[in-house]
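Each chain gets a letter, A, B and so on, in the order its sequence line appears, and its residues count up from 1.
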There are 2 protein chains.
Amino acid sequence: MLRRANVVAGALDLLDAEGLDGLTMRKLGVALDVQAGALYRHFPNKEALLDAMADQLLEGVDGPLPPDLPWPDQLELLGERLHTALLSRRDGARLVSGTFAPGPHTMAVSRRAAQVLAEAGFPPERAWELTFAVFYFILGHTIEEQAQSRMPAGDNWTTRLAAAGLDTHDPLATGLRTLAVADPGERFSYGLRVFLAGVQQYAPEDAAGPSNAESS
Amino acid sequence: MLRRANVVAGALDLLDAEGLDGLTMRKLGVALDVQAGALYRHFPNKEALLDAMADQLLEGVDGPLPPDLPWPDQLELLGERLHTALLSRRDGARLVSGTFAPGPHTMAVSRRAAQVLAEAGFPPERAWELTFAVFYFILGHTIEEQAQSRMPAGDNWTTRLAAAGLDTHDPLATGLRTLAVADPGERFSYGLRVFLAGVQQYAPEDAAGPSNAESS
DNA sequence: ACCTGAACACCGTTCAAGT
DNA sequence: ACCTGAACACCGTTCAAGT
């Protein structure tokens, strides 16, 4: 007999095999030796299944954080963990970004990040807001990483950009080509640190920050 | 006779009427008084049409920037313009985020942002990287804005999050509920400024920044 | 309660044939 | 060159009927 957890596990394996666009209720039926219609005894629709898959993907991201770590480093660690989890399955970032109803793991991770920010002195709304903001960056960056990795090496997004109208002698054009071959993980970490530097600067209790933390 | 530009314009109007999920080659055919198959004389597939629509949406974002404006303000202006353009059509952010091949307007906007950062002293690769990073934040934030606006008022993403496991007396829970009714435009601007504060701090020529701009 | 078999109402895309 | 008409190979979802 089919259990809800089996369906999610089978769907995630099918995701690795077929990608998000190739993930079909019918193919999932075949993979689980069941008619496609039978899946609707466990999930009201495909959207709900995708939500469950996304939440499963985030299992473990909300692990304990070293309490002696400064809060910006805690956030960086959380961001790197999320990044790793998204990369663990093909199209993982696209899967999570399409989530409609957040599951328990999604909840736990978000809450953890917001709590770190609240303890750093941000008012609760700002803590949530910045949590979402950083997550958007992480999702967007990882979506692009996973899109690039599935493309022929000579046909990157960046390659197209470079070819489409940039002079060969333009330093910006060469920089774009350099980017195309750069380590995506290093790029991600750099972007994350830059964003977190901004967050740190806006922290009310951070003495090094400007006085306009809540104005301007 | 149908022109490529007519197809794009009709498709954008259909997008407003039906949303991205309801945008169908067959419906577009009806709207343009043409068989669906006829559209394939102008675009090789639906993906190419969506790319053209996304690029059209970004027309005008790459307008001239006041040259006397400090570069962080130039970036903020560019970001706000992009935000506005994405909001100008239903599901505009989702449309642009799904873009595969960047068109001329997408190119121009990206290049403009990268150039501002390059002139601020960033090496070209970092300039591109940060351009993408900020765009990811903008797209993600705007996708969520547009998703929220199409949901029943009492059933926000944030409302679900709040209901799913947060204590009523938890300040984080109340903060989340506050967020749900906050002005999305103000939230966007705040997040953008925070990110740009980080960027500014990493700028090599910014004396106020830390010395570890390229290390760590 | 769970699953099968089969249908319903759609999709994107192709292509001979018309004009 | 552009469009029609009609098909092909799929989708997600529903639901009587079986066990």
Taking the minimum atom-to-atom distance to the side chain of A:Leu2, which one of C:dC3, C:dC11, C:dG12 wins?
C:dC3

Please report the distance, rounded to the nearest Å, between CD in B:Gln35 and P in C:dT13.
16 Å

Closer to the 5' end of DNA chain C via nearest nucleotide, is it B:Lys46 or B:Arg41?
B:Lys46

Considering only heavy atoms from C-beta outward, does the side chain of B:Leu28 approach that of B:Val34 to under 4.5 Å?
no

Just checking, is any N or O donor in the side chain of A:Glu145 or A:Gln148 under 3.5 Å from an acceptor N or O on the other one?
no

Proximity to the side chain of A:Tyr40 - top-ranked nucleotide from D:dG5, C:dT13, D:dG12
D:dG12

Between C:dC3 and A:His42, is there an OP1 or OP2 to side-chain N/O distance shorter than 4.0 Å?
yes

Separation between CD1 of A:Ile143 and CG of A:Asp91, rounded to the nearest 0.5 Å:
9.5 Å

Atom CG of A:Asp21 to atom C1' of C:dG12: distance rounded to whole Å?
13 Å

Please, what dot-bracket string fits DNA chain C when only Watson-Crick and G-U pairs with both distances under 3.5 Å count, crossing ones use [ ] and pairs to another strand use |?
||.|||||...|||||.||

Please verify the inter-ring angle class for A:His141 with B:Tyr136; under 30° counts as parallel, over 60° as perpendicular, anything in between as tilted.
perpendicular

Of C:dG12, D:dG12, C:dT4, the nucleotide closest to the side chain of A:Met25 is D:dG12

Between B:Phe195 and A:Phe195, does the ring centre distance come in under 6.0 Å?
yes

Rounded distance (Å) that lies between atom P of C:dC2 and atom CZ of A:Phe43:
13 Å

Is the centre of the A:Tyr190 ring less than 6.0 Å from the centre of the B:Tyr202 ring?
yes

Could you check how far CE of B:Met1 sits from P of D:dA1, rounded to whole Å?
12 Å

Closest to the A:Arg26 side chain, choosing from D:dC3, C:dT13, D:dC11
D:dC11

Does A:Glu119 reach the side chain of A:Trp71, with side-chain heavy atoms less than 4.5 Å apart?
no

What's the CG-C1' distance between A:Leu28 and D:dT13, to the nearest Å?
15 Å

B:Asp33 CG to D:dC3 P: how many Å, rounded?
12 Å

Go through D:dC3, D:dG5, C:dC11 for me and flag the one nearest to the B:Lys27 side chain.
C:dC11

So, is B:Thr24 close to the C:dG12 phosphate, meaning a side-chain N or O under 4.0 Å from OP1 or OP2?
yes

Kindly point out which of C:dT4, C:dG12, D:dT13 is positioned nearest to the side chain of A:Val34?
C:dT4

Between CG of B:Asn45 and C1' of C:dG12 the distance, given in whole Å, is 9 Å

What's the CG-P distance between A:Leu39 and D:dG12, to the nearest Å?
10 Å

